[in-house]
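Accompanying notes for the structure given below.
Lettering of chains follows the sequences in order, A, B, ..., and the numbering in each one begins at 1.
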Amino acid sequence: MLLPKFDFHAPETVNEACQMLSEYGLKAKLIAGGTDLMVNMKKKILAPEQIISISQIRELDHLDVSGDRILIGAGVTVADLCESKTIAGYLPALGQGANNLGTPLIRNLATIGGNIGSARPAADLPPGLMAYGAEVVLQSKAGIRTLPLDNFFLGPGFTALQPDEILTEIRILVPPAGSGAAYVNIGIRKAQDCNLVNVASYFALDSNGIIQNARVVMGCVGPKPFRAVSAEKILIGQKPDIQLFEKAGEAASADSQPIDDFRSCATYKRSMVGVLTQRTLQQAWTRIKNQE
Amino acid sequence: MKKLIRLTVNDREYDVAVLPNQTLVDVIRYELGLTGAKKGCEMGDCGSCTVLMDGKPVNSCLVLAMQAAGRKIQTIEGIETENGLHPVQEAFVQKGAIQCGFCSSGMILTAKSLLDKNPNPTEQDIRKSLSGNLCRCTGYQHIIEAVKSVTP
Amino acid sequence: MSEYNVINSRATRLDAPAKATGKAVYIDDMTLPGMLYGALLQSPLAHARILRIDTSKACKLPGVKSVVTAKDAGLIKYGVSPARYDETLFCHDKVRYVGDEIAAVAAVDLATALEAVSLIQVDCEELPAVLDIDAAMADGAPVLHNDYPGNVCAEVHAEFGDVEAALKTCDLVRTTTFKNKRQDAAFIEPQGCLANYDLSGNLTLYSSTQVPHYVQRTLSMVLQLPIGRVRVVKPYVGGGFGIKAAANHMELAACLLSMKTGKPVKMNFTREQVFTYGRARHQFIHTMTTGVKKDGTIVALKHQCHLDGGAYSSFGIATVYYSGSLLGGPYKLPNMKYDGYRIYTNKPACGAQRGHGGVAARACWEQQLDMIAEELKMDPAEFRLKNIMVAGDVTCNDLNMSSLGMKECIEAIRDGSDWKSKKGKLPKGKGIGMACGFFVSGAGYPIYRSDTYHGTVMVKLTEDGGKALVYTASAEIGQGSDTTFAMIVAEAMGIRLEDVRLESGDTDFGVDLGAYSSRQTLMTGHAAKEAAEDVKKQVLDVLSKELNVPVSDMDIRNSFVVFKKDNVDFSGLRTRYIKEHRGWTDNPQSGPLTFTEAARIAYLAKGSIVGTGKYKPPQLGGKYKGAAVGTSPAYGCSAQVAEVTVDMETGQITVDNITDAHDCGRAINVTSVEAQMVGSVSMGLGEALFEEVKFDNKGHVINADLSEYKIPTMLDMPSVKPIIVESDEPNGPFGAKEVGEGAIMPTIPAILNAVYDAIGVRIHELPLTPERVWQAICDCQKEK
């Protein structure tokens, strides 16, 4: 099985890579872990003339807590996320997504930047990241801009990333005390699956135990991962309990926009959004309670 | 056009001319003659092409050979020791973990990397770590027994 | 303690070290000097008339060495069953499925070959396609093959006893309809081959095949080469499960290209081509009506089945027979009526896959039997035991259960799973279920009508003595047959396993029908045993003359000659041996006469010592039409208990464990028997829960990869408790019979029955995806 013909570049810095991107524009594709791009090239869905590898760029490999923010370089592999104590400690919902992504072999190659940048509606990392309110850093020759991840996805495979931009970093505010989040996905089998539905939920309590902030993010049930706004409205201002989570689940179901496809029918997906919303909220609440 | 790259495979350095669109698995199989890594799907689904890259198991069908330049690659041919088979290989032989053998190279390498990191894995650790290596013959049971039997 | 020295033990497989180190050679690991690479042009349309094929641009591409189409290949029809040869190497008038082969190219490298394929221009007139059974059988439906109006590829009508009359005598009669989905065998090694037509006009094909013999015959017939000039060699094979049990187009094309170019030609399927070639398990739609007495006695089964066959027959004639005949047992069933129809559709052909023809039928019936047991308020195990056949019973369709540990298997899983304390006592969402099944130990007849031996084996002693070389054309495809035959030879000769070397998978070694229908252990095993006994006798005959001791007073054990009476003076022989080996450090100085010495003495007396063995089943089965399918010298049988947890909100099933008992006759290599048992469970579990080849409305496979066609991963497989139930099969070598396919029979219905136990609703369609299970739970709640 052969790949299309292309030229290969391996810049050492982000600036160099940006320079190349500005030169080649739409003819170029970035490759990091390659787990998505390689498959798409083999299936002849993509045939870029220029491949710019960013996997050797060391400045994309960081995973740090800096002040009140967690900074994750786009080149951090999913396996690194799985093993990171920072992720397990601060961002367990992202860790759950990482642990369910692809296979252990894929996780050793795939990067967080790639999982976001490929913009697959069923991807495992975006729901958790969006639930934590992540923003992405986009760099080009012209400079750097940041964007809430909520606004980054435009549709399946489409993002706000310009042809000359590189997604370099993911920034997440350290979740406050009294907050919790969780991610749950459903597939056909127990590993190596494209999700049928995935949901991440986050909420934060005020000092009176009232939900002051909530984010519920659904995957696989629209052209991109997106927030269940009515579920969030139901949660905010209330005290968490199972009945509330059930109501939020029903609202999320109603917010979802699934379609029938060869993996599953819309009815099932819609119903599962409700189940997973409840379950993620329940888990998030358990996490909050365990902090106390 | 082909470019000369230096690949470190099984602690030996190879200077090899490769095309940008050649995958690592094709180069190690067809250029270096290390045919232990198999091609079962070429899409990163089956794990039969697993090699260790800087100690971590990866699908070599999803890695461009040029991306592997400068990385430390280990294949099934590179894990035998002076005393013969690597303990994981020996365990696979003894426990009947090998049937058709097409997944064995990848399975053994992934198991080795697990055991290098975690010498006393639970059964669930083993199942999770090897879940990207598909086997259609064994039902995995003898493989799990083999990995369990390797003592640190 | 076993009475045997070699067999009936846990032997390390002969091929394991090579496979553990990456040294074992599979087809794509081979290269030959000057080798070219081939590629196929396959139809992008499901049904079309070919108007014109223009290869001129492809031929002109630098690096292209040959382009072949039906013009070059000719139109000799072939297939699996001579009764339905309905394929030609390349399509000439029509294409009948997406993937149908139109042309092939050989070039200096794969990239050039693929580019050349893209330059071949085919003008087609698209025809309406039929993509399922209903569409294919509809009035006025487009016809795939003019010789088969109505798209009926084959139909079977058989009745044993009088089913209608018998049903009238029943206290309870129940009818259910059940449907599985098209499977893929998903072996990990895609098919590949390397053809080499040499300057003397001899063709050698190296191929990832289960059946070198049948491939050899097909090559000879289609390419019109004398069979003596065609040799097929099988390197190590990465699984087959039935799909590699016939010659494929790629093998034929590679040979033709090699003949045209005079160079070796290598070809491989991509994973996508594995799916588009197909030949795996059919989709079956079964409707079964079973009648029982109120005491639980099974009286009659009326059974109708439709098979979605795809575009060609492949193994389908046998499949449509098997799906009826394999319900004759293992329960006493005096009346059985079967009507089977295999239907052509514009999809890749279906063929044989592990448990050929019987798996979906078994799933349907075993679930129905559970439903009936429940209505009768009988425990499913007791209900089955009440009806169970025992050794010596003959089914209504003349299958002779010469040994049958079915009862013992049921008892073993019942006790091994703690069934009695679990059945009916588990909480909602947890379930336990059981099922049984059996399968042939080798088809009673070859695929082509012939009096051929089904297997021949040659054992030759090294002239220097001491090692037995076994030559068999049988096919090691991962199941462990090489080791099995080496063990049988060692046991039969009285030598150690390490004194046996074995070569297999080469048509030059003799005739062996290959690895299908679970035949090799019994059939090739018989031939191996006979060849070993022949050699042993020849050695002992020489010794008898040399030592003046009757053969009956001698034996060989553990690679030593043993004498029944003391004081046999063999010092003369030993002196001769030692004199021949002056300077050697390993000469026997004292102790018993070694087999090495004896074998050398035999050679000195007679020249090379070669023993031959052969096997052909005795006349089997009934005289009715189709009686040949399902007959076998022996039948292996299985029972399994599955325990599951179902997530009542999502429909996700977790199989928690499986207790699995199989009667394999006498186990030759215990480890390999268990490996076949657990491997069968794994394939059955995948078919039960996940697997389905899916098509779009144009006939393209939409999940032609191993991410969307889902076989079990290590996280999906439960722990399996394998229990070997041994019987002594009178027709088997050392009492051995099959394990590779019977062991899959109970898995799907055991899971179906366990899922019912967990959720309280029956599901009659596979696979049991979360969505399907969830839907069933919802429907059930609505009804309430």
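Of the possible donor and acceptor atoms, none in the side chain of Q67(B) sits under 3.5 Å from a partner among the backbone N and O of S55(A). At least one donor-acceptor pair under 3.5 Å links the side chain of K42(A) to the backbone N or O of E42(B). With hydrogens and angles disregarded, a donor-acceptor distance shorter than 3.5 Å links the side chain of N108(A) to the backbone of P57(B).
A salt bridge links D80(A) with K56(B): the distance from a Lys NZ or Arg NE/NH1/NH2 to an Asp or Glu carboxylate oxygen falls below 4.0 Å. With respect to the salt-bridge test (charged N to carboxylate O, under 4.0 angstrom), the residues E83(A) and K117(B) qualify.
Under the 4.5 Å side-chain criterion, counting only non-hydrogen atoms from C-beta, M1(A) is not in contact with K39(B). At a threshold of 4.5 Å between non-hydrogen side-chain atoms, the residues M41(A) and N21(B) do not count as touching. Looking only at side-chain heavy atoms (C-beta outward), L19(B) and L3(A) stay at 4.5 Å or farther from each other. Side-chain atoms of F8(A) and V18(B), non-hydrogen and from C-beta on, never get closer than 4.5 Å to each other. In this structure, the side chains of N59(B) and I106(A) come closer than 4.5 Å at one or more pairs of heavy atoms.
Heavy-atom distances place no part of A110(A) under 4.5 Å from chain B, backbone and side chain included. Residue contact with chain B, scored on non-hydrogen atoms closer than 4.5 Å, involves the backbone and the side chain of I31(A) alike. With a 4.5 Å cut-off on non-hydrogen atoms, Q56(A) does not touch chain B at all. Heavy atoms of M1(B) lying under 4.5 Å from chain A are absent altogether.
Top candidate by heavy-atom pairs under 4.5 Å with chain B, chosen from R107(A), M38(A), K43(A), is M38(A).
For the atom pair D193(A) CG and S131(B) OG, the distance stands at 11.0 Å (nearest 0.5 Å). F6(A) contributes atom CZ, which lies 4.5 Å from atom CG of L64(B) (distance to the nearest 0.5 angstrom). Within the model, atoms NZ of K128(B) and NZ of K190(A) stand 14.0 Å from one another, a figure rounded to the nearest 0.5 Å. L105(A) CG to T50(B) OG1: the interatomic distance, rounded to the nearest 0.5 Å, is 4.5 Å. For the atom pair OG1 (T103(A)) and CG (D45(B)), the distance works out to 8.5 Å, reported to the nearest 0.5 Å.
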